Amino acid sequence: MKILGIAILIAIGVGFYFRLNDDVLTGDRIIGIAVLTSAFILMPVFLYVRWKGKRLKDYTLSEENLKKMRDKGID
């Protein structure tokens, strides 16, 4: 995941390099592909890795969790 993130940042940098050297179309394509890759590949992988093994019930405001918070004095 770190390697993919670094590769995306490098691709964005390369895209801006091409834009500065009068090859705007190629630079825009490289930047666009990097942004799409970060949105449709990197973000879902990141979310899957971060949520793996966690229960959604622990993070919702159910009556049971509200009661636990009131018992601890957290309002």
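Just so we're clear, the structure is a prediction, and the values are computed from it rather than from any experiment.
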Can you tell me how far apart [atom1] ([X]) and [atom2] ([Y]) are? Round to the nearest 0.5 Å.
X   : Y   : atom1 : atom2 : value
I41 : M1  : CD1   : CE    : 14.0 Å
L25 : R29 : CG    : CZ    : 4.0 Å
T26 : D23 : OG1   : CG    : 3.5 Å
S62 : L56 : OG    : CG    : 10.5 Å
L4  : L9  : CG    : CG    : 10.0 Å

Item to check | L47 atom CG, neighbour heavy-atom count above 12 within 6.0 Å | outcome: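 Enclosed.
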Checklist entry - Taking all non-hydrogen atoms of both residues, which atom of K57 and which atom of N65 are closest, and how far apart? => result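 Here K57 and N65 meet closest at O-ND2, 3.1 Å.
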Item to check | Shortest non-hydrogen contact from A34 toward A11 | outcome: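 The answer is CB-CB, 3.9 Å.
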ILVMFWY cluster, [X] and [Y] together (side-chain gap under 4.5 Å):
X   : Y   : value
I6  : I3  : no
L42 : V35 : yes
V24 : L20 : no

Item to check | Pair Y59 and W51, ring centroids less than 6.0 Å apart | outcome: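 Aromatic pair counts; centres sit under 6.0 Å.
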Next on the checklist: Are the side chains of R19 and I31 in contact, using a 4.5 Å heavy-atom criterion?
Outcome noted: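 Side-chain contact under 4.5 Å: yes.
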Item to check | V14, I8, I12 screened by side-chain contact (heavy atoms from CB on, under 4.5 Å) with I10, the one that passes | outcome: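 Only one of V14, I8, I12 forms a side-chain contact (heavy atoms from CB on, under 4.5 Å) with I10, namely V14.
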Next on the checklist: Salt bridge check, K68 against E64: does any charged N sit closer than 4.0 Å to a carboxylate O?
Outcome noted: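 Counted as a salt bridge, because a side-chain N and a carboxylate O are separated by less than 4.0 Å.
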